[in-house]
There are 2 protein chains.
Amino acid sequence: MTKKNSSTDILIVEDEAPIARLMEIHLQRAGFSTKTCANGRKACTLLEENHYQLMLLDRMIPGLRGLDLLRWLRKQEALKILPVIMVTALAQTEERIRGLNEGADDYLPKPFEPDELVARVQALLRRSSHQVIQQQKSTIDVNKDAMEARVNGERLDLRPLEFKLLRRLMKKPGKVRSRQYLLDHVWGINAFVEERTVDVTIKRLRKTLEKYGLGECIVTVRGSGYRFDEKPHT
Amino acid sequence: MTKKNSSTDILIVEDEAPIARLMEIHLQRAGFSTKTCANGRKACTLLEENHYQLMLLDRMIPGLRGLDLLRWLRKQEALKILPVIMVTALAQTEERIRGLNEGADDYLPKPFEPDELVARVQALLRRSSHQVIQQQKSTIDVNKDAMEARVNGERLDLRPLEFKLLRRLMKKPGKVRSRQYLLDHVWGINAFVEERTVDVTIKRLRKTLEKYGLGECIVTVRGSGYRFDEKPHT
DNA sequence: AAAAACTTGTCACATAGTTGTCATATTTTC
DNA sequence: GAAAATATGACAACTATGTGACAAGTTTTT
């Protein structure tokens, strides 16, 4: 019954095995699931047959040069919006700009800091329809497209309303949102619903978050509303 | 359990390590918490990954020129309101105006006086939803967004009314506010409450402030009302 | 199409936190 | 030292929030 969670899938296209392994380790530790492949041709196949959230693409791969793969990718209807981070040792501005021009969404110079790798992946996902927040030791990833939220890659079972509520609160962590504000933005401006309903939905959302040790994320601000705290234990 | 409070986070983007260190020391001494990074690329990542209250941005950083970073920043939905102080050796009016045009909120010429640095940071935060006051050796930071007040980064446990009262008094330090004025502005014009009630709430507010050695901040002006003193003379 | 499963709004009660007032103490002013 | 103003502690009323239950409405299964 315990279904394997697919989580946020990242395709790593990198021929140097140790580097690929390093990437995998750190991304997995951050809650992503990864798939590695070592050459461009295989990558195409994988991309066509599976759905990934993001690709890390080494510029220097055998079979098809990184840029060629990228160029091909951007011509595919189904893939052209896939976020791509180009990985390359060529840190020169010129090369970088070229990569970006070709359709890479971001760029990671090699050698890289593991932290930077993870941070860039998170940032890029956020720029897509994700909201990613590092919460203490957990990564919360809210994907609007898929209408799903994940904590360290594990999917949260949220009702649609709860999902929207979480999203809204995460939009500006630290900012207190009044019940009225939440009603307007989550339920919609013309929904005629009692303010107290917000409390109940918050409660339900919290209950789920609690399972992941994130019960403290949503803070009640007495007399004002609720707030998503990025760093609890205030 | 007693975790270090994150307080008001400031991102310092500065490649000259000694200068960055200097900034850090003084800002931390003033009660802010800081994060330093030395290049523009890393800064983008950090900005996307975390939430800062303010950024100090050197104009001459490697990787991405300060102005480019700023321009990028202002295009990001989530970041466009981040207060930015541009730090630059180019004190010429022309350059300064250009920086401001690009979206810097303030400007700090290099070399700078540490005091000026802190003062500008506080002033700028004050212009955002923060009210920051230097009180003897403590920094009081009242954040309206988060509905919380901090002294040297440590959170004050204030009741809503006390919070509003503190805010109101801090709005114009040194100015005496009559009980009636406070009733009108804190309790609201139509609240029918005794004037003496103000005394009690002041008392309660003072009690909390005392824990941080700030009991003298709120001065009673006999016959007139109360006043928030920026530099208590006791 | 009926049944089952799920979502969500509301209510009612429990709990907890806030605040106004009063009575009394203390300080200040003259 | 008396009068006036303010400080302070206690308390009770009040208000806001948490929480479980339930019903009405939806969607999914069968």
Side-chain angles (χ1 to χ4, degrees), chain A residues 1 147-149 155-169 176-211 215-229 234, chain B residues 147-149 155-169 176-188 190-211 215-229 234:
Chain A
M1 205 83 278
M147 279 285 281
E148 65 175 27
R155 186 175 173 173
L156 296 186
D157 182 30
L158 294 178
R159 258 60 78 219
L161 245 185
E162 291 159 32
F163 179 83
K164 284 206 277 179
L165 180 57
L166 176 61
R167 245 183 86 73
R168 177 56 61 173
L169 287 171
V176 179
R177 302 301 192 179
S178 70
R179 288 181 177 69
Q180 192 54 58
Y181 173 92
L182 292 170
L183 281 181
D184 289 350
H185 290 81
V186 175
W187 276 256
I189 203 99
N190 36 17
F192 65 120
V193 179
E194 303 241 339
E195 282 206 347
R196 299 293 269 90
T197 302
V198 177
D199 299 32
V200 180
T201 309
I202 287 277
K203 162 70 165 54
R204 288 164 178 161
L205 176 53
R206 272 178 179 156
K207 193 175 169 187
T208 304
L209 290 175
E210 247 160 38
K211 293 178 193 155
E216 323 283 311
C217 279
I218 296 176
V219 179
T220 305
V221 181
R222 192 160 234 276
S224 299
Y226 297 93
R227 180 183 63 178
F228 186 96
D229 242 3
T234 318
Chain B
M147 283 286 284
E148 64 176 27
R155 186 172 173 183
L156 296 186
D157 183 29
L158 294 178
R159 253 66 72 217
L161 203 61
E162 290 158 33
F163 180 84
K164 284 203 277 182
L165 180 56
L166 176 60
R167 248 181 82 74
R168 177 56 60 173
L169 287 171
V176 180
R177 301 301 192 180
S178 71
R179 288 181 177 71
Q180 192 54 57
Y181 173 93
L182 292 171
L183 281 181
D184 289 350
H185 290 81
V186 175
W187 276 256
N190 37 16
F192 63 121
V193 179
E194 304 236 342
E195 281 206 348
R196 301 264 106 234
T197 302
V198 176
D199 300 32
V200 180
T201 308
I202 287 278
K203 162 67 166 55
R204 286 165 179 159
L205 178 53
R206 273 177 177 157
K207 191 176 172 187
T208 303
L209 290 174
E210 248 160 35
K211 293 178 194 157
E216 322 285 312
C217 279
I218 296 175
V219 178
T220 304
V221 182
R222 202 186 162 78
S224 300
Y226 298 93
R227 170 173 53 123
F228 187 95
D229 241 5
T234 310

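The chains referred to below are lettered A, B, ... by the order of the sequence lines, with proteins before strands, and numbering in each begins at 1.
For B:Q180, the side-chain hydrogen bond (donor to acceptor under 3.5 Å, both in side chains) partners two or more places apart in sequence, or in a different chain, are B:D184. By the side-chain hydrogen bond (donor to acceptor under 3.5 Å, both in side chains) test, A:R204 is found to be paired with no residue, residues two or more places apart in sequence or in another chain being considered. In this structure, the side-chain hydrogen bond (donor to acceptor under 3.5 Å, both in side chains) partners of B:R168, at least two apart in sequence or on a different chain, are B:Y181. With sequence neighbours excluded, no residue satisfies side-chain hydrogen bond (donor to acceptor under 3.5 Å, both in side chains) with B:D157. Among residues two or more places apart in sequence or in another chain, the salt bridge (charged side-chain N to carboxylate O under 4.0 Å, His left out) test is passed with B:R179 by B:D199. Legend: residues meeting side-chain contact (heavy atoms from CB on, under 4.5 Å) with B:T197, ordered by chain and number and at least two apart, are B:W187, B:V193, B:E194, B:T201.
For residues 192-199 of chain A, proximity to DNA chain D is found at A:R196, A:D199, defined as any non-hydrogen atom under 4.0 angstrom from a strand atom.
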Identify the pairs formed between an N or O of the protein and an N or O of nucleotides 25-30 of chain C at a distance under 3.5 Å, and give each distance.
{"residue": "C:dT28", "atom": "O2", "partner": "B:R222", "partner atom": "NH2", "Å": "3.3"}

I'd like a table of atom pairs between the protein and nucleotides 20-27 of chain D - only N or O on both sides, under 3.5 Å - with the distance next to each one.
{"residue": "D:dG20", "atom": "OP2", "partner": "A:K203", "partner atom": "NZ", "Å": "3.2"}

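Although no hydrogens or angles enter the test, the distance criterion places no donor-acceptor pair under 3.5 Å between the side chain of B:R177 and the main chain of B:L169.
Nucleic acid contact for B:F163: none, since no nucleic acid atom lies under 4.0 Å from a heavy atom of the residue.
Rounding to whole angstrom units, CG of residue A:D157 and C1' of C:dT7 are separated by 11 Å. Rounded to whole angstrom, the span from the CZ atom of B:R159 across to the P atom of C:dA16 amounts to 16 Å. Distance, B:L161 CG to D:dC14 P: 17 Å, rounded to whole Å.
Rounded to 10 degrees, the angle separating the terminal helix axes of the helix from C:dA1-D:dT30 to C:dC30-D:dG1, each built from five base pairs, is 30°.
Atom CG in B:L183 sits 11.5 Å away from atom CG in B:N190 (nearest 0.5 Å).
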